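Quantities reported herein were computed from a predicted structural model and do not represent experimental measurements. Just so we're on the same page: letters track the sequence lines, and every chain starts at 1.
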Amino acid sequence: MKNREIAEIFETIADLLEIKGETIYRVVAYRRAGEVLRSLGRDVNNVWEEGSLESIPGVGKAIAAKIDELLRTDHLEFYEKLTAEVPPGLADVLKVGGVGPKTAARFWRELGITAIDELEQAAKKGKLRQLSGIGERSEARILENIIALKRQHTGRVLLGEAWTTAQELLSRLREIEGVQRAEAAGSLRRMRETVGDLDLLVGAEDIPLVIQAFIAFPEVDRVLGQGGTKASVELIDGFRVQLWAHQPERFGSALQYATGSQGHNVRLREAAQKAGLSLSEHGYQDQEGGKIFCPDEEEVYTVLGLPWIPPTLREDRGEIKAAKEGELPQLVELEDLKGELHTHSVWSDGKSSIVEMAEAAIELGMEYLVISDHSRSLGIAGGLSIEDLRAQRAEIKRVQKKIGKNLTLIQGSEVEILANGELDYPDEILQELDIVIASLHTSLRQPREQVTERLLRSIKNPHVDIIAHLTGRLIGKRDPADLDIEAILRAAAKHDVVLEINSNPERLDLKDTHARQALESGCRLAINTDAHHPDHLAFRRFGVGTAQRAWAEAPSIVNTWPLERLQAWLKSRV
DNA sequence: GCCGTTTTCGGCCCGACTGTTTTCAGTCG
């Protein structure tokens with residue numbers, strides 16, 4: 001059983017217990033255990049084999065025993081008993097907007113509803129409004145939300161897509177009269193790989209004016225809710241946006257609040273409580289009712305004696321403790337990147353010439369650029385034959401002459417790891433390349449041992465410098481290969497092979513938790529864009545965000561190194 | 001059910017909005 005499957009069971013348990021009316025803290029414990037497993041990074045099977053399940057935060061005796069039972073027997077007696085008592089379809093009913101555990105329990109007990117379809121039928125027949133406390137409007141809203149739930153595409157949107165939408169909305173919000181500041185908050189600001197809805201924050205004197213202007217934006221399809229300080233809307237494309245407007249003097253506390261994560265905020269408020277303060281989006285309040293406003297976010301943290309914690313760390317993964325102890329990482333920043341180690345040109349499936357890619361890199365202030373087109377077997381992507389490779393080498397030299405010393409071009413290749421585990425060029429050809437990037441594109445669905453072995457073999461090849469997009473996943477479209485990540489990280493650390501964080505928003509591979517695990521295993525990373533067009537070089541910001549979420553510092557990222565150091569490292573290898 | 005240099009028992013974040021009520025519970029983030 002995989003982390004995700006166990007997490008789903010625990011999350012369903014939480015939902016069902018809540019409907020049953022269990023104490024909320026027990027419910028929260030299961031929910032938290034689910035979340036932790038989902039984002040653990042490590043395979044829970046390995047933790048289990050080590051016998052250290054209880055070292056996982058949020059996992060105590062009771063939940064550890066349940067994980068153990070699941071991994072041993074594939075069953076959980078507690079879960080089976082619970083679902084016999086509370087129909088599991090009610091967990092889906094909770095997904096309907098406006099229906100929480102109390103309401104779901106009443107639908108079940110008073111109307112016999114056990115699944116979404118039954119709820120829809122009951123709503124259509126006007127049965128819901130027969131319950132006390134539920135009127136026609138609630139019934140209509142529930143029906144509307146069921147329909148919205150059914151046509152929902154994937155639920156979450158890719159980070160890159162959400163980023164673009166957010167930038168457009170923010171620039172228009174900033175044009176509204178009296179708006180002093182406008183920023184994206186929420187999971188977008190934390191750079192999560194997908195974003196559920198956009199949280200935008202505005203600092204302005206005239207708040208009603210901002211709210212009115214916002215809901216009148218042409219791309220707003222319907223207003224889901226609206227009050228004195230916030231508005232929630234659905235855009236024409238189905239994406240949901242929340243706008244929070246606050247007085248400028250409260251902007252910092254509001255931004256902190258809206259950025260989350262929820263877990264981080266809970267921890268921070270606990271810390272505030274211990275200091276005799278109460279923290280909300282409006283700032284701090286002491287026991288006598290004295291207020292402390294925070295116009296800037298830094299102040300939210302300094303009041304508690306903490307340094308500002310970067311949003312990418314705010315996931316309740318130990319960042320508050322680290323901040324207290326003065327042990328926050330010096331996170332890698334976009335400006336630290338000196339070059340790019342993985343790009344394509346028209347020589348394979350890129351859309352631009354080597355000159356165009358080089359000029360774009362110069363524009364971004366890079367010191368070096370690796371052109372790494374696909375290897376020969378990847379026919380669909382115009383992979384280069386050995387002759388092509390040599391011709392390209394001459395072309396790169398020619399371009400280098402033309403562009404001068406502003407940028408150093410390096411010839412690499414993204415070499416296919418074939419289905420049988422061999423690399424796509426013989427060793428003597430790999431040796432001629434300045435840098436060799438190995439990656440999987442085919443036969444990703446091989447059994448775990450087989451696909452893992454392909455990677456291990458590539459890592460052990462002395463010519464291979466970087467493994468690109470390790471798992472081959474496409475977020476929401478293609479599952480990652482089934483890999484023994486820990487074995488691969490150990491091998492990469494041992495052979496000094498760099499693992500790529502692929503910055504393309506569809507990939508973000510390594511993902512944050514794997515990247516953190518890689519760093520803890522002693523691996524070095526590269527933040528690459530895999531650009532097929534000059535515009536794609538801008539993906540770097542997402543790769544940097546992912547690296548930050550992994551607590552990465554610049555020295556661990558090889559393309560923060562100056563050219564000389566990079567070349568020395570490459571030279572030290574074969 | 002978890003967790004601990006204020007606790008191994010007794011705590012466990014905070015406010016806005018909605019709908020249906022006449023003062024509040026439920027939901028959501």
If the C1' atom of B:dG4 is compared with that of B:dT20, how far apart are they to the nearest Å?
-> 43 Å

Would you mind classifying the nucleic acid contact of A:K66 as base, sugar-phosphate or nothing, using non-hydrogen atoms under 4.0 angstrom?
-> sugar-phosphate

Complementary nucleotide for B:dT8 - Watson-Crick or wobble, under 3.5 Å = none

Give the first and the last nucleotide of DNA chain B, reading 5' to 3', that has any atom under 4.0 Å from a heavy atom of chain A.
-> B:dG1 to B:dG29

Would you classify A:G260 as touching base, sugar-phosphate or nothing, given that sugar-phosphate means primed atoms plus P, OP1 and OP2, and contacts are heavy atoms under 4.0 Å?
-> nothing

So with a 6.0 Å cut-off around CD of A:E325, is the heavy-atom count from everything else above 12?
-> yes

Residue met sooner reading DNA chain B from 5', once A:R141 and A:H282 are mapped to nucleotides | A:H282

Where is the tightest heavy-atom contact between A:L170 and A:A182, given as atom of each residue plus distance?
-> CD2-C, 3.7 Å

Under the side chain to side chain contact (heavy atoms under 4.5 Å, CB included) test, which residues partner A:A552, sequence neighbours left out?
-> A:V332, A:L519, A:A547, A:I557

Contact nearer the 5' end of DNA chain B, comparing A:K61 with A:G133 | A:K61

C1' atoms of B:dT5 and B:dG1, separation to the nearest Å | 24 Å

Between B:dC13 and B:dT8, how far is it from one C1' atom to the other, in whole Å?
-> 24 Å

Touch check for A:V99, heavy atoms < 4.0 angstrom, all strands: base, sugar-phosphate only, or nothing?
-> sugar-phosphate

Pairwise C1' distance for B:dG15 and B:dG10, with rounding to whole Å | 25 Å

Which is true for A:G228 with a 4.0 Å heavy-atom rule: it touches a base, it touches only sugar-phosphate, or it touches nothing?
-> sugar-phosphate

Would you check if there is a donor-acceptor pair between the side chains of A:N45 and A:D43 at a distance under 3.5 Å?
-> yes

Just call it for A:S232: base, sugar-phosphate, or nothing, with non-hydrogen atoms closer than 4.0 Å on any strand.
-> nothing

Hey, does A:L279 reach any base, or is it just sugar-phosphate, or nothing, if we go heavy atoms under 4.0 Å?
-> sugar-phosphate

How far does the C1' atom of B:dC12 sit from the matching atom of B:dC17, given to the nearest Å?
-> 25 Å

Which part of the nucleic acid, if any, lies within reach of A:E281 when heavy atoms closer than 4.0 Å are counted: base, sugar-phosphate only, or nothing?
-> sugar-phosphate

Base, sugar-phosphate, or nothing: which does A:S278 touch, judged by heavy atoms less than 4.0 Å apart?
-> sugar-phosphate

Sugar-phosphate, base or nothing in reach of A:I24, heavy atoms under 4.0 Å = nothing

Base, sugar-phosphate, or nothing for A:Y30, non-hydrogen atoms under 4.0 angstrom?
-> sugar-phosphate

Atom CD of A:E136: over 12 foreign heavy atoms under 6.0 Å = no

Mark yes when over 12 heavy atoms from residues, nucleotides or ligands other than A:R478 sit less than 6.0 Å from its CZ; otherwise mark no.
-> yes

Could you measure between the two P atoms, the one in B:dC9 and the one in B:dA16, and give it in whole Å?
-> 38 Å

Quick one: side-chain hydrogen bond (donor to acceptor under 3.5 Å, both in side chains) pairs with a partner in residues 203-212 of chain A, sequence neighbours left out?
-> none

Decide if atom CD of A:E80 counts as having more than 12 heavy atoms of other residues, nucleotides or ligands within a radius under 6.0 Å.
-> yes

For A:E22, answer base if it contacts any base atom (sugar-phosphate contacts may also be present), sugar-phosphate if it contacts only those atoms, and nothing otherwise; contact means non-hydrogen atoms under 4.0 Å.
-> nothing

